[in-house]
Amino acid sequence: MPELPEVEHLRRSLVPLLLGKQFFHVSLNREDILTRLGVKRNLQLALLKDGVVRALHRCGKNLALEMCDGRVLAVHLGMSGQFLVLSAGEHKDRVLTHAHAVWQFGAPSQKTPAHYLVFRDPRRFGGITSAPDMETLLRLRWSKLGPDALSLTHEFLAACLISKVRTLKATLLDQSVIAGLGNIYVDEALFAARLHPTRTPASLEPGDVLHLHRAIRTILARAVSAGGSSIRDYLDGKGERGSYATRHQVYGRAGAACRRCGTILESAAVAQRTTVWCPQCQFI
DNA sequence: ATGGGATCCTGTGAGC
DNA sequence: TGCTCACAGGATCCCA
C-alpha cells in the first residue's frame, strides 16, 4: 500500500532511469484506469508519445512525469499499483499480469526502444491520467491536496488540527488536510507521539502537536531512506522491495507486545481502517 | 458544511 | 489437499 515514502522512493528510483528518455510507443490495455482519478478523459494518453521526460514530481502519494514539451502523466498507485522499468529482455521473459499500460522508451537519438515502463495494478484502486501541463494538473487535482507531509511545518499542522472534530486518525488520513499519510504511517506516527488514534485533534495540547509533527517528519524521512514499506505489492522502479516494514512499531503487530513497554497491542477499526495502538503508551 | 458509510477490486491466508 | 470466504486498503460518491 504505497504511501508517501514509497512514492518518493519510487520517484527517486525512476529519475536516473527515465530522465531525458523518450517514449516511442504506448499501449493501453485497460481504458478504465484513465478515469479512475476522477478527471474526465478529455486528453488522450497517447499524447505522451514522443515525449521526452524532463522531470518527476510528487505531491503526497501522487506522482507526475513531466515532458519537455510540458505534457504531464499523473500516476496514483492506489493499493497495489506498480510502476516498473524493464529491459527489453526482461519484458519479453516475464509474464506480467495486470499490466494496464506499457510505454516503450529509450534515448531520443536511438529511436529504438530499449526499455519498457509498465504500470500494473491488480486491484485497480490506482490510475493514470494526462494533462497538457503541470499548471492544469495542479489546478484540477493537486490543489485539492493539503501540504505534503514531508515538508509539513509545525505551524501548519497546528492550524489544520485546531478546529477538527473528527478523530486524529481520520484527520491525518484525509489527503485534503495533509497529503501523503496512509494507514501505516498514521498508526506509526501516533504511536511515536504517544497519542491515541481516537482522540480529537481539538483536545491536543501544544506539546502534543509538537510531538506529532516531529513524529511524522522523522518516521517519513526514515521510511524514505529505507525504501518504504513493502507489505505485499509495493516495489520501486527497479522492482525492489522496501525494508521499512521490519521497523514498524504497531502496524501489523496487533496482539504482539509493545516494543516500548511490553503491553499487548490492541486493534480496532477507526475511521473504517484497521488501527493498532498500545493501550499503555497512547493516552486517550 | 461536514463526516460516515458503501463502493470499487483481487490476491492472500485462515479455516474447514 | 483443495476449497471457500473474509479481509486488506485509497479515494470517491452519496446521503444524513
Side-chain angles (χ1 to χ4, degrees), chain A residues 1-8 10 29-41 58-64 74-84 95-101 118-129 137 140-146 148-149 160-190 197-203 220 223 228-235 241-242 244-245 248 250-256 265 267-276:
Chain A
M1 38 231 71
E3 301 179 26
L4 186 152
E6 290 76 32
V7 180
E8 175 59 18
L10 171 67
N29 303 319
R30 276 199 80 107
E31 295 224 348
D32 61 359
I33 60 159
L34 287 175
T35 53
R36 290 200 168 255
L37 294 181
V39 174
K40 267 192 179 173
R41 202 182 148 220
R58 182 193 58 77
C59 184
K61 307 170 188 174
N62 296 268
L63 186 69
V75 184
H76 195 291
L77 298 177
M79 260 202 68
S80 58
Q82 296 172 343
F83 222 39
L84 291 168
V95 179
L96 275 180
T97 55
H98 308 289
H100 306 314
V118 180
F119 175 72
R120 67 180 299 265
D121 183 12
R123 267 165 271 189
R124 272 183 279 146
F125 278 22
I128 56 178
T129 192
L137 178 67
L140 288 180
R141 291 197 57 79
W142 288 15
S143 63
K144 295 174 177 65
L145 300 170
D148 187 76
C160 68
L161 289 179
I162 202 159
S163 64
K164 299 295 173 185
V165 291
R166 282 186 289 181
T167 60
L168 260 182
K169 171 95 179 194
T171 306
L172 295 175
L173 282 174
D174 188 340
Q175 300 301 296
S176 68
V177 176
I178 301 168
L181 296 175
N183 205 33
I184 296 173
Y185 297 105
V186 167
D187 278 12
E188 293 297 313
L190 288 174
T198 61
R199 273 186 69 168
T200 56
S203 77
L220 291 180
S229 304
S230 287
I231 303 296
R232 281 182 188 160
D233 304 292
Y234 171 73
L235 299 173
R241 296 171 63 82
Y244 195 72
H248 289 169
V250 286
Y251 181 85
R253 299 192 65 244
L265 299 176
S267 171
V270 180
Q272 293 92 48
R273 292 286 171 267
T274 300
T275 304
V276 187

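Proteins get letters first, then strands, A, B, ... in listed order; numbering begins at 1 in each.
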Calculate the interatomic distance between [X] atom [atom1] and [N] atom [atom2]; express it in whole Å.
X         : N       : atom1 : atom2 : answer
Ile178(A) : dA11(C) : CD1   : P     : 14 Å
Lys144(A) : dT12(C) : NZ    : P     : 9 Å
Arg120(A) : dC9(B)  : CZ    : P     : 17 Å
Glu6(A)   : dG9(C)  : CD    : C1'   : 13 Å
Met79(A)  : dT12(C) : CE    : P     : 16 Å
Ile33(A)  : dC9(B)  : CD1   : C1'   : 14 Å
His100(A) : dT10(B) : NE2   : P     : 8 Å
Ile184(A) : dG10(C) : CD1   : P     : 8 Å

Less than 4.0 angstrom between a side-chain N/O of [X] and OP1 or OP2 of [N], yes or no?
X         : N       : answer
Arg166(A) : dA1(B)  : no
His76(A)  : dA11(C) : yes
Thr274(A) : dG9(C)  : yes
Arg273(A) : dA8(C)  : no
Tyr251(A) : dG9(C)  : yes
His98(A)  : dG11(B) : yes

Check: Glu3(A) side chain, Gly182(A) main-chain N or O, donor-acceptor pair, under 3.5 Å:
yes
Do the side chain of Arg58(A) and the main chain of Gly60(A) share a donor and acceptor less than 3.5 angstrom apart?
yes
Those residues at least two apart in sequence (or on a different chain) that pass side chain to side chain contact (heavy atoms under 4.5 Å, CB included) with Ala179(A) are Leu145(A), Gln175(A)
Taken in chain and number order and not counting sequence neighbours, the residues that satisfy side chain to side chain contact (heavy atoms under 4.5 Å, CB included) with His100(A) are Arg30(A), Ile33(A), His98(A), Phe119(A), Asp121(A), Arg124(A)
Taking only residues two or more places apart in sequence, or in another chain, which ones meet [X] in a salt bridge (charged side-chain N to carboxylate O under 4.0 Å, His left out)?
X         : answer
Arg273(A) : none
Glu188(A) : none
Lys169(A) : Asp187(A)

Only Watson-Crick and G-U wobble pairs with both distances less than 3.5 Å should count. Give DNA chain B in dot-bracket notation, marking inter-strand partners with |.
.|||||||||||||||
Considering only dT10(B), dG4(B), dG10(C), which nucleotide approaches the side chain of Gln272(A) most closely?
dG4(B)
Closest to the Gln175(A) side chain: dA11(C), dA8(C), dT10(B)?
dA11(C)
